[in-house]
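One structure below.
To find a chain, count down the sequence lines: A is the first, B the second, and so on, and within it residues start at 1.
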2 protein chains.
Amino acid sequence: MANRVTLNHIAQHVGVSKTLVSLVLNGKAQQYGISKQTCDKVLAAVKELNYRPNKTARSLRIGKTETVGLIVSDIANAFYAQMARMFEDLASAQGYSVIICSTDEEVEKEQRLITMLRNRQVDGLVVSTSQREPEWLKAVYESGTPLVLIDRHLGSDTLPAVVADNRSGGAMLAHHLVEQGYNRPLVLGLSTNHISSVAERIDGFMDVFKEHGLPCAVREVGFNTVQADVDELLVNLKALPFKPDCLFAVNNNIATAVLHSLAASNVKIPSDMAMVCFDDLPYFSFISPTITAIEQPIAQMCSRAFEVLSQLMDGESYLSHEVIRLPVKLNVRQSSQNKSK
Amino acid sequence: MANRVTLNHIAQHVGVSKTLVSLVLNGKAQQYGISKQTCDKVLAAVKELNYRPNKTARSLRIGKTETVGLIVSDIANAFYAQMARMFEDLASAQGYSVIICSTDEEVEKEQRLITMLRNRQVDGLVVSTSQREPEWLKAVYESGTPLVLIDRHLGSDTLPAVVADNRSGGAMLAHHLVEQGYNRPLVLGLSTNHISSVAERIDGFMDVFKEHGLPCAVREVGFNTVQADVDELLVNLKALPFKPDCLFAVNNNIATAVLHSLAASNVKIPSDMAMVCFDDLPYFSFISPTITAIEQPIAQMCSRAFEVLSQLMDGESYLSHEVIRLPVKLNVRQSSQNKSK
DNA sequence: CTGAAAGCGCTTACAG
DNA sequence: CTGAAAGCGCTTACAG
């Protein structure tokens with residue numbers, strides 16, 4: 001209904017075969033030595049009849065849809081929204097469209113979405129997985145679907161993966177806090193703490209405090225109940241036996257919830273409680289106090305991931321299954337100022 | 001390569017025709033009175049051979065791709081990221097995937113993307129258009145492609161459109177400022193000020209000040225140079241003949257840039273300069289000062305838009321071409337506190 | 001209850 | 001230089 005004009009119509013209109021029309025439209029006129037004149041007639045008809053090629057038919061024939069899938073936990077999250085934008089630009093520059101899907105950290109949903117995208121014959125998949133084990137995705141990969149993990153990996157020697165150096169980021173924050181004189185951190189992690197990114201941030205962070213012989217507490221907040229869980233944790237802070245002097249929010253959602261919660265209960269940052277987090281947001285740099293944060297190399301993560309995906313889609317086998325880790329950046333700001341001051 | 005098992009394989013494996021297999025797989029077994037036994041054998045083979053239907057082939061045959069396109073200026077913008085997420089949920093509940101495209105407010109890019117999506121045979125299109133004139137999109141609509149505008153309209157009696165009541169929002173902010181004793185507002189709009197949403201926000205805002213006989217200045221910032229333009233405007237604020245006592249940022253990007261800029265130049269809100277904006281962001285409610293903002297009904301906009309799109313996709317003609325305007329909410333906060341205080 | 005056949009709109013050997 | 005034919009993997013009248 002939306003597209004009534006087909007190759008056949010334009011072939012008949014010009015009085016040639018659809019082979020010819022197809023050749024011309026795909027820029028193979030030169031190669032097949034089709035006369036300039038014929039080309040022009042075809043092109044004129046295309047314009048006149050307002051012909052638009054049916055990509056579904058083309059896809060079926062050539063076995064490629066020029067579509068890639070991007071799977072994240074939530075496209076509304078600032079980190080993934082940025083990632084989506086950068087990924088879109090990279091993909092569209094190569095003629096690919098991208099279908100974005102949100103999993104809400106649900107493994108079943110993720111698997112359902114991946115299966116759906118494969119049925120749609122996407123040429124490749126970039127996924128920020130919520131799965132713990134590599135098996136399911138490995139089966140997908142080994143059955144021939146180009147696949148690269150982003151943001152989160154499932155161990156070396158399993159699947160191609162491009163992530164931020166989360167462990168180092170966690171460690172950088174911890175070193176900084178120790179330097180500033182803080183010694184009783186509370187880590188606010190996610191209930192989905194098996195996720196490599198979160199786990200590594202926390203590990204890197206805690207290891208540093210351990211090295212210094214300092215205690216370190218960890219609490220978890222639920223993916224769908226971030227604000228409520230953070231509120232509850234922070235309200236009861238003073239009642240805790242362990243009295244933290246600084247907070248580490250493991251991602252931007254938790255950081256925002258923490259700021260919200262501390263503001264509501266009138267806790268002063270950093271004098272009452274210091275705070276640092278993973279993921280940098282624009283507003284961190286100008287609110288009072290400004291917030292110390294780790295900035296992730298989103299652009300590089302996207303380009304490396306797309307690079308690997310392209311290789312895979314070109315049929316090249318990807319041998320090195322070492323996880324690609326990209327360096328992060330520590331932005332020191334007021335929220336973690338020297339404790340004595 | 002990714003999908004070697006076809007209907008034919010499983011038909012042969014079971015020893016039936018592919019018609020039968022197709023019927024079973026599409027839940028038409030009952031309808032065609034196919035025996036339970038046959039069904040089971042088919043289903044068993046599907047499982048055993050790990051068959052996944054090729055949706056591209058299906059789409060070509062049935063003339064529907066079960067895909068919709070969502071076109072916005074920038075998916076990384078918090079407003080559109082939220083919209084995308086809500087839209088994804090609505091669409092996927094009905095079996096649709098969504099392809100998201102960013103236009104950067106470029107009309108040519110928008111048109112290119114829409115043509116591309118139509119060639120991909122998307123079943124429908126939701127677009128936050130950057131175009132000034134309805135003609136081009138109207139041609140798309142009238143050629144039979146289900147299309148609904150969102151966030152921005154192109155006039156009544158042109159195309160189905162679902163927008164926020166931007167004019168009222170602008171007026172609400174202005175009334176509030178006037179009540180609080182402010183009388184020399186500076187509006188920070190976009191260079192793409194023909195966009196209905198921005199234009200209406202500004203009109204609604206200015207009309208109120210006009211009614212009160214108060215002056216009102218407007219400056220424009222470029223879509224791709226928001227921070228730089230805002231910085232320049234605000235740095236020279238004191239040099240201006242017109243000395244504003246309050247700022248109206250017409251969207252969330254500009255608001256964030258304004259806050260950044262004011263913080264950098266140590267301007268106190270609201271004592272030195274009050275500020276209000278369109279679009280509410282989570283951090284507005286807890287930074288100091290909290291920021292007065294208009295909250296858009298994103299969820300309702302998405303559901304109304306998807307509702308209309310569904311009607312269109314079902315082939316029902318959509319008669320009323322009145323723009324659907326949804327009410328916005330004013331969240332009064334500290335950034336626009338009574339001037340005398 | 002089940003199957004043979006046509007056809008969706010393309011692309012691509014193959015033949016001349 | 002150009003065309004007839006096959007086929008991508010489905011769905012759907014049509015026939016029995």
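- For B:T38, the side chain to side chain donor-acceptor pair (under 3.5 Å) partners two or more places apart in sequence, or in a different chain, are B:S35.
- At the heavy-atom level, A:L20 lies under 4.0 Å from the strands shown only through sugar-phosphate atoms.
- Results of the side-chain hydrogen bond (donor to acceptor under 3.5 Å, both in side chains) test with B:Q131 over B:R152, B:H194, B:E110 single out B:E110 as the only residue that passes.
- Residue-level contact check: A:S59 touches neither bases nor backbone, having no heavy atom under 4.0 Å from any strand.
- If you take atom P in C:dA13 and the same atom in D:dC1, they sit 22 Å apart, rounded to whole Å.
- In this structure, the CG atom of B:L7 is 18 Å from the P atom of D:dG7, given to the nearest Å.
- Donor-acceptor pairing under 3.5 Å is lacking for the side chains of A:T192 and A:E105.
- Which of D:dG3, C:dG9, D:dG9 sits closest to the side chain of B:N54 comes down to D:dG9.
- Of the two residues near DNA chain C, B:G15 and A:A57, the one whose nearest nucleotide lies more 5' is B:G15.
- Side chains of A:T65 and A:Q121: a donor-acceptor N/O pair is absent below 3.5 angstrom, by distance only.
- Between B:R120 and A:E66 there is no salt bridge, since no side-chain nitrogen of the basic residue lies less than 4.0 Å from a carboxylate oxygen of the acidic one.
- Distance, A:Q121 CD to D:dG9 P: 9 Å, rounded to whole Å.
- Residue pairs meeting the ring-ring contact (aromatic ring centres under 6.0 Å, His included) criterion with at least one member in residues 83-134 of chain B, sequence neighbours excluded, are B:F87-B:F306.
- Here C:dT2 presents its C1' atom at 14 Å from CD of B:Q37, a figure rounded to the nearest Å.
- In the set D:dC1, C:dC1, C:dG3, D:dC1 carries the atom at the smallest distance from any side-chain atom of A:S35.
- If you measure from atom CG of A:L25 to atom P of C:dC10, you get 9 Å, rounded to the nearest angstrom.
- A straight line from CD of A:Q12 to C1' of C:dG9 spans 13 Å, rounded to a whole angstrom.
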Contacts under 3.5 Å, N or O only, protein and nucleotides 12-16 of chain C:
residue, atom, partner, partner atom, Å
C:dT12, OP2, A:K28, NZ, 3.0
C:dT12, O4', A:R61, NH1, 3.4
C:dT12, O4', A:R61, NH2, 3.4
C:dT12, O4, A:T19, OG1, 3.2

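- With contacts defined as side-chain heavy-atom distances shorter than 4.5 Å, the pair B:D151/B:V163 does not qualify.
- For B:S17, whose side chain is taken as the heavy atoms from C-beta onward, the closest listed nucleotide among D:dG9, C:dG3, C:dG9 is C:dG3.
- Sequence neighbours left out, not one pair with a member in residues 7-44 of chain A passes ring-ring contact (aromatic ring centres under 6.0 Å, His included).
- Helical stems of DNA chain D (runs of at least 3 Watson-Crick or G-U pairs, donor-acceptor distances under 3.5 Å) are listed by first residue: C:1-3 with D:14-16, C:5-12 with D:5-12, C:14-16 with D:1-3.
- Using a 4.0 Å heavy-atom distance criterion, A:T38 is classed as a sugar-phosphate-only contact.
- A:R85 and B:S102 share a side-chain donor-acceptor pair at under 3.5 Å.
- The distance between atom CZ of B:R52 and atom P of D:dC10, rounded to the nearest whole Å, is 10 Å.
- For B:F79, there are no ring-ring contact (aromatic ring centres under 6.0 Å, His included) partners at least two apart in sequence or on another chain.
- Of the candidate nucleotides D:dC8, C:dC10, D:dC10, D:dC8 has the atom nearest to the side chain of A:L60.
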